[in-house]
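I have placed the structure first, in the form of structure tokens, so that the comments after it can refer back to it.
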Amino acid sequence: PPAAAQPAQPPAAQGAPERRPSPLVAPAAPAQPQPPAAQGGPGRAQPLVAPVAPPQPQPPAGQGGTPSAPAAAAGPNGGPAGITEPVRGPRDAREFIRRDDQPGRRLDDIREERREIREGDRLVIREPGRLIIREGDRTIIRHNEAERFAIDARDVRTERRGNRNITIVERPNGVRIVTVTDDEGRLIRRVRREPSGREIVIIDNSFGYERPDAYYVDIPPPVVRIPRERYIVEAERATFADVYGVLTAPPVQHIERRYTLDQVRYSHPLREYMPRVDLDITFDTGSWQITPDQFDRLAVIADAINRAIASNPREVFLIEGHTDAVGSDVDNLSLSDRRAEAVAVALTERFQVPAENLVTQGYGEQYLKVPTQEPERANRRVAVRRITPLIEQSSRQGDR
């Protein structure tokens with residue numbers, strides 16, 4: 001094995017540039033009803049129209065039938081259907097962090113509320129806060145991340161501007177997180193706006209979210225030439241220098257272009273271009289809540305992420321949820337997605353990691369670390385990767 005690497009020294013913090021507020025995400029004054037706006041490009045300002053009304057409840061689908069109104073519309077190019085429900089308002093962290101005097105919510109509760117709809121060769125499963133799409137040999141899960149940003153918020157509102165849905169989450173300290181999505185729930189832009197007027201664009205997918213390969217990228221896996229212990233770090237045995245080194249490392253192989261967040265989420269070979277840290281976090285069977293006694297296991301990860309963000313406020317980290325192969329694939333996908341979100345919530349609630357710099361995604365049993373169909377603790381894991389180089393391949397990298 002190679003000699004131990006010298007501990008990496010975190011770079012000195014440096015500020016992000018101030019940016020002129022974008023008309024697309026500018027705070028809106030109460031609007032008068034407007035006629036429908038013309039369809040515009042992603043970066044074109046749209047006239048403000050009335051806020052989105054809460055969706056009316058739909059009757060449950062019959063056995064093998066189709067509800068009177070579609071519960072999920074198919075995305076273009078075979079892409080996944082969208083989540084268009086607005087965020088209802090401020091939330092708390094009790095769904096994800098269990099206290100000793102609180103009963104934990106479990107997967108059995110979620111199963112009772114699932115609704116399945118068949119759309120040709122596509123099976124769409126709706127459950128609280130999640131949408132699962134199965135088509136051919138691919139099964140993915142989607143959720144609205146603005147729900148997580150709304151935890152402990154002072155105010156939350158969702159507005160409609162042209163063909164865009166805009167969610168503005170205001171925190172007690174005056175910081176606003178602005179999330180812009182299209183009608184299918186695809187992220188177009190995520191911005192942090194500070195009380196001083198400084199605006200930091202965390203994620204900008206407006207350059208290519210309508211590409212034909214909007215969701216999946218046919219890219220060969222990378223050739224990994226670095227030692228395995230620097231490519232996959234086990235957090236329970238790692239030092240801060242080990243973790244910080246992985247979470248600030250460049251891709252293991254050159255990236256030809258920038259990609260959208262959805263392409264990173266759903267293209268496994270693309271994610272493999274970035275090293276990862278496997279966390280030492282465990283969950284009760286059928287549960288996704290983190291207990292307070294496990295917070296200390298997240299301290300090194302949180303410290304490394306916070307230092308990286310202090311150096312570059314636009315850093316983005318993907319938190320992945322995985323399960324073993326025991327149980328149904330739908331249950332495992334739902335459980336893994338909620339566990340990834342629980343880790344993100346704990347990092348923010350306990351260690352003040354900015355929620356907007358985190359992205360969560362569950363993969364269920366699709367990528368087993370240990371190839372077995374038996375119960376295996378190593379497969380019940382949560383991992384963290386830095387994905388900034390995958391989504392920010394542009395000249396703006398020099399503008400930090």
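Since the structure is predicted, the reported quantities are computational estimates derived from the model, not experimental observations. Counting from 1, the numbers follow the sequence of the chain as shown.
- The shortest side-chain heavy-atom distance between Val124 and Leu131 falls under the 4.5 Å cut-off.
- Take Phe317 and apply the ring-ring contact (aromatic ring centres under 6.0 Å, His included) test, not counting sequence neighbours, and it matches no residue.
- Side-chain atoms of Thr348 come within 3.5 Å of backbone atoms of Ala344 as a donor-acceptor pair (strictly under, hydrogens ignored).
- In summary, of the residues considered (Glu170, Glu194, Glu199), a salt bridge (Lys or Arg N to Asp or Glu O under 4.0 Å) with Arg176 occurs for Glu170 alone.
- Considering every non-hydrogen atom in both Val169 and Ala153, the closest pair reads CG1-CB, 3.6 Å.
- Considering only residues two or more places apart in sequence or on other chains, Ala378 meets the side chain to side chain contact (heavy atoms under 4.5 Å, CB included) condition with Val370, Glu376.
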Could you check Ile200 against Val191 for side-chain contact (heavy atoms from CB on, under 4.5 Å), going step by step and ending with a plain yes or no? CA-CA 6 Å; Ile200 300 171; Val191 175; over 6 Å; no

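- Under the 3.5 Å distance criterion, the side-chain polar atoms of Ser287 are left unmatched by any main-chain donor or acceptor of Phe283.
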Mind running side-chain contact (heavy atoms from CB on, under 4.5 Å) on Leu261 and Tyr266 for me, showing each step along the way? CA-CA 9 Å; Leu261 179 59; Tyr266 305 125; over 6 Å; no

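- In plain terms, the two heavy atoms of Ala249 and Met274 that are nearest each other are O-CE, 3.4 Å.
- In this structure, Tyr363 contributes its side chain and Arg265 its backbone to a donor-acceptor pair below 3.5 Å.
- Closest approach of Pro250 to Pro275, counting heavy atoms only: O-CD, 4.0 Å.
- In this structure, a donor-acceptor pair under 3.5 Å is absent between the side chains of Ser334 and Asp331.
- Using a 4.5 Å heavy-atom threshold, the side chains of Pro221 and Glu272 count as separate.
- Side chains of Ser206 and Asp204: a donor-acceptor N/O pair is present below 3.5 angstrom, by distance only.
- No donor-acceptor pair closer than 3.5 Å links the side chain of Glu356 to the backbone N or O of Arg192.
- No donor-acceptor distance shorter than 3.5 angstrom exists from the side chain of Glu113 to the backbone of Ile110, with no hydrogens or angles considered.
- Between the side chains of Ser267 and Arg271, not a single donor N or O lies within less than 3.5 Å of an accepting N or O.
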How far apart are the C-alpha atoms of Thr372 and Asn379, what are their side-chain angles, what is the distance that settles it, and do they pass the side-chain contact (heavy atoms from CB on, under 4.5 Å) test? CA-CA 9 Å; Thr372 177; Asn379 289 329; 4.0 Å; yes

Show, in sequence, the C-alpha distance, side-chain angles and deciding distance for Arg297 and Leu279, and conclude whether the side-chain contact (heavy atoms from CB on, under 4.5 Å) test is met. CA-CA 8 Å; Arg297 302 180 185 181; Leu279 307 186; over 6 Å; no

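- The two residues Pro269 and Ile219 make their nearest non-hydrogen contact at CB-O, 3.3 Å.
- For the side chain to side chain contact (heavy atoms under 4.5 Å, CB included) test with Leu318, the passing option among Leu390, Thr388, Ile387 is Ile387; the others fail.
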Between Arg142 and Asp337, does the salt bridge (Lys or Arg N to Asp or Glu O under 4.0 Å) criterion hold? Intermediate values first, please. CA-CA 9 Å; Arg142 293 174 67 92; Asp337 201 58; over 6 Å; no

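- In this structure a side-chain-to-backbone donor-acceptor pair under 3.5 Å is missing from Gln366 to Arg138.
- Using a cutoff of 4.0 Å between basic side-chain nitrogens and carboxylate oxygens, Lys369 and Asp324 are not scored as salt-bridged.
- At distances below 3.5 Å, not a single donor-acceptor pair connects side-chain atoms of Asn332 with backbone N or O atoms of Gly364.
- A salt bridge (Lys or Arg N to Asp or Glu O under 4.0 Å) with Glu315 is found for one member of Arg307, Arg385, Arg386 and no other, namely Arg386.
- The environment of CG in Asp121 is sparse: at most 12 heavy-atom neighbours from other residues, nucleotides or ligands sit within 6.0 Å.
- Between Val243 and Ala238, the shortest heavy-atom contact is CG2-CB, 3.9 Å.
- Salt-bridge formation is detected for the pair Asp278/Arg276: a Lys NZ or Arg NE/NH1/NH2 atom is positioned less than 4.0 Å from an Asp or Glu carboxylate oxygen.
- Look at Glu392 and Arg314 and you find a salt bridge, because one of the NZ, NE, NH1 or NH2 atoms lies within 4.0 Å of a carboxylate O, short of that distance.
- No side-chain donor-acceptor contact under 3.5 Å links Glu365 and Thr323.
- The aromatic rings of His322 and Tyr367 sit perpendicular to each other, their planes meeting at more than 60°, with 30° as the lower class boundary.
- Test Asn357, Val359, Val178, Thr167 against Arg190 for side chain to side chain contact (heavy atoms under 4.5 Å, CB included) and you get one pass: Val359.
- Looking only at distances, no side-chain donor or acceptor of Glu159 sits under 3.5 Å from a matching main-chain atom of Ile166.
- Ion pair Glu116/Arg114 not flagged as a salt bridge, since none of the NZ, NE, NH1 or NH2 atoms sits closer than 4.0 Å to an Asp/Glu carboxylate oxygen.
- Within the 4.5 Å cutoff, no side-chain heavy atoms of Val326 are placed close to those of Glu374.
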Let's go through Arg186 and Asn205 carefully: what are the C-alpha distance in whole Å and the side-chain angles of both, what is the deciding distance for side-chain hydrogen bond (donor to acceptor under 3.5 Å, both in side chains) to 0.1 Å, and is it a yes or a no? CA-CA 9 Å; Arg186 292 179 298 181; Asn205 285 332; over 6 Å; no

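- Taking 4.0 Å as the cut-off between side-chain N and carboxylate O, Arg339 and Glu341 do not count as a salt-bridged pair.
- A salt bridge links Arg377 to Asp280: at least one charged side-chain nitrogen sits closer than 4.0 Å to a carboxylate oxygen.
- Among all heavy-atom pairs drawn from Ala340 and Gly321, the shortest one is CB-N, 3.6 Å.
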Show, in sequence, the C-alpha distance, side-chain angles and deciding distance for Thr260 and Asp262, and conclude whether the side-chain hydrogen bond (donor to acceptor under 3.5 Å, both in side chains) test is met. CA-CA 5 Å; Thr260 66; Asp262 276 346; 5.7 Å; no

Should Thr179 and Glu145 be marked as a side-chain hydrogen bond (donor to acceptor under 3.5 Å, both in side chains) after you check the CA-CA gap, both sets of side-chain angles, and the distance that decides it? CA-CA 9 Å; Thr179 302; Glu145 287 204 296; over 6 Å; no

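- For the pair Arg228 (side chain) and Arg230 (backbone), a donor-acceptor distance under 3.5 Å is absent.
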